[in-house]
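This report refers to the structure that appears directly beneath it.
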Amino acid sequence: LTLSVAAALALAASFSPALAAARAASLNLPALEIAAPRCEDVREPVGLRRTAPRFSWALAGAEPATRPAAAEVRVGREGRPLWTRRTPDLFACVYDGPALAPGVPYAWQARLVNADGSPATDWCAPQRFVLGLRSATDWEGAQWVGEAPRNVQWTDFDYQVKFRLVKDAFGLYFRAQSADRGYMWQLNTVVGPEPLLRPHVFLGKDGFRGLPPVGLNRFFPQGLDWTKDHVLAVKTRGPRIETWLDGVKVDAREDATFASGTVGVRTSHGEEALVSEVSVKAPDGTSLLFDRFQGHVLPAFHKPSLKGDALHLTGNGFLHPGILPKNAPRVRRTFALKDKPVRHAYASVCGLGLYELWLNGRKADPSRVLAPGWTDPGRAALFDTYDVTALLKPGAANTVGCWLAAGYSDDFARYAWHWLKTKRAIVHLAVTYADGTRDVVVSDGSWEVSQGSEVTRASIYNGETIESARIDAN
């Protein structure tokens with residue numbers, strides 16, 4: 001076995017610190033030093049969630065003849081010491097000092113020391129970290145701003161549902177404003193001696209009004225096999241409402257209580273049905289809605305209960321909320337800064353479905369895409385914090401804004417988390433001047449909301465459609 005001098009020294013050094021020093025000298029290695037300092041595994045993070053951050057580092061350079069005995073870590077704020085800790089762990093330490101304030105830059109350093117307290121390394125260069133906002137109070141009155149809700153208001157249409165009645169009854173909503181306001185046409189097999197079409201007018205807090213029912217035996221003298229699929233359809237033209245079952249017109253009447261609204265399906269307590277297809281067409285045949293409850297995307301109803309490739313109704317109901325628009329609106333505000341140096345400025349932002357933060361015509365972080373991180377927004381939504389100091393213009397007008405997109409919307413996989421509401425953002429921008437004073441800009445009702453932009457459609461699956469003629473240079 002033949003070893004190079006360097007390899008032989010390396011092997012010997014594994015048994016002897018003195019030989020390690022000899023190896024270092026022979027290879028001209030630099031002195032031992034702290035390398036790759038990290039806070040929460042990130043270099044100089046902004047917007048930490050943990051209130052007791054964890055510091056870690058690596059070692060580089062020559063191994064000393066005597067093994068260091070401990071590491072020292074210190075934290076300060078604006079040049080003033082705040083906390084120091086000595087630990088036998090040579091590579092990590094957890095902060096356990098006084099409570100740290102959100103939105104304030106702190107600096108930390110680490111070094112190794114010998115048993116006698118003498119330094120084994122120099123202090124590493126100061127490393128910054130900033131805690132994120134933690135409570136509603138920290139947001140200082142920031143409000144969600146964005147698109148206004150858009151309700152489905154179909155007037156004249158052909159609504160058709162393929163279903164199988166499992167138990168007792170099944171109903172259709174149409175021209176509905178909500179689950180308790182609109183028309184509800186029910187097929188019922190238990191309240192009379194024959195199957196009935198039972199029309200209802202739901203009136204909200206005023207209850208409902210039942211319209212004259214229609215017996216179905218005269219249209220189907222051979223009977224109806226409820227173990228098989230059937231098609232129930234409603235055609236609306238002004239006040240006239242026609243009802244069809246399996247291609248047979250079973251009712252025509254006029255009622256002007258509701259002129260427009262959405263559609264849906266329903267069962268009440270103890271009832272059960274399976275819906276395998278929903279279709280809505282305009283009078284000219286244009287498709288307004290179509291869903292077979294198959295594949296990855298389900299446009300008809302949000303978070304449906306499925307059984308195979310069918311909507312499973314067991315004492316519940318669904319209203320079609322409308323296909324969410326895939327435009328890319330902007331929300332923004334122009335504000336003035338005082339004419340004095342800015343020490344630091346941090347912007348905390350959440351935008352749903354997805355967002356980009358812009359300041360004075362520049363994206364706050366060009367490397368950040370598909371923000372915020374993906375979660376179930378019904379339980380929690382994440383926000384990001386940016387250092388935007390370099391993007392501000394002291395003593396001048398500044399504009400901050402968010403560019404929004406639908407994100408993981410109703411055209412995303414049915415097996416995933418979704419954002420199924422209007423696009424919106426919340427922003428908190430805190431500017432601290434060199435003299436210690438501060439200005440705060442938060443999203444509120446004064447912000448401008450632009451419904452459109454040159455991105456006329458943005459979709460996770462289907463990319464973006466951009467109309468360059470709509471680009472606003474400002």
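Under the salt bridge (charged side-chain N to carboxylate O under 4.0 Å, His left out) rule, Asp439 has a single partner from Lys338, Arg343, Lys340, which is Lys338. Considering Arg292, Lys162, Arg164 as possible partners of Glu277, the one that fulfils the salt bridge (charged side-chain N to carboxylate O under 4.0 Å, His left out) test is Arg292.
Aromatic ring pairs are classed by plane angle as parallel below 30°, tilted from 30° to 60° and perpendicular above 60°; the pair Phe301 and His320 is perpendicular. Classification of the Tyr106-Phe129 ring pair by plane angle, with boundaries at 30° and 60°, yields parallel.
Side-chain rings of Phe174 and Tyr159 stay apart, their centers remaining 6.0 Å or farther from each other.
Listed by first then second residue, pairs satisfying side chain to side chain donor-acceptor pair (under 3.5 Å) with a partner in residues 119-133 read Arg128-Asp387, not counting sequence neighbours. Sorted by first and then second residue, the pairs that involve residues 392-413 and meet side chain to side chain donor-acceptor pair (under 3.5 Å), not counting sequence neighbours, are Lys326-Asp410, Thr334-Thr399, Asn360-Asn398, Trp403-Ser453, Asp411-Ser459.
Every side-chain hydrogen bond (donor to acceptor under 3.5 Å, both in side chains) that Trp83 has, sequence neighbours left out, goes to Asp96. For Arg457, there are no side-chain hydrogen bond (donor to acceptor under 3.5 Å, both in side chains) partners, not counting sequence neighbours. For Arg368, the side chain to side chain contact (heavy atoms under 4.5 Å, CB included) partners are Asp365, Ala371, Asp384, Tyr386, not counting sequence neighbours. When the side chain to side chain contact (heavy atoms under 4.5 Å, CB included) test is applied to Ala92, the partners found at least two apart in sequence or on another chain are Ser56, Asp89.
The two atoms that bring Ser260 and Gln153 nearest to each other are OG-OE1, 2.6 Å, heavy atoms only. Contact record, Arg424 with Trp419: NE-CZ2, 3.6 Å, taken as the closest heavy-atom pair. Closest approach of Leu404 to Gly351, counting heavy atoms only: CD2-CA, 4.2 Å. Contact record, Gly407 with Ile460: O-CG1, 3.3 Å, taken as the closest heavy-atom pair. Contact detail for Val152 and Gly322: the closest heavy-atom pair is CG2-CA, 3.2 Å. Minimum heavy-atom separation, Val75 to Trp108: CG2-CB, 3.9 Å.
Judged purely by distance below 3.5 Å, without hydrogens or angles, the side chains of Thr456 and Thr465 never pair a donor atom with an acceptor atom.
One finds no salt bridge joining Glu147 and Lys421 here, because no Lys/Arg side-chain nitrogen approaches an Asp/Glu carboxylate oxygen to under 4.0 Å. Between Lys167 and Glu271 no salt bridge is recorded (no basic side-chain N to carboxylate O distance below 4.0 Å).
Counting heavy atoms from C-beta outward, Arg86 and Val113 have side chains that approach closer than 4.5 Å. Looking at heavy atoms from C-beta onward, Phe293 lies in side-chain contact with Val275 at the 4.5 angstrom threshold.
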- Checking side chain to side chain contact (heavy atoms under 4.5 Å, CB included) for the pair Leu429/Tyr346: CA distance, chi angles, key distance, verdict? CA-CA 6 Å; Leu429 170 59; Tyr346 300 113; over 6 Å; no
- Take Arg181 and Phe258 through the test side chain to side chain contact (heavy atoms under 4.5 Å, CB included) and record every step on the way to the result. CA-CA 9 Å; Arg181 283 188 59 81; Phe258 297 103; 3.6 Å; yes
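Between the side chain of Thr267 and the backbone N or O of Asn316, at least one donor-acceptor pair lies under 3.5 Å. In this structure a side-chain-to-backbone donor-acceptor pair under 3.5 Å is missing from Glu464 to Ala458.
Taking a 6.0 Å sphere around CZ of Phe335, one finds it holds more than 12 heavy atoms contributed by other residues, nucleotides or ligands.
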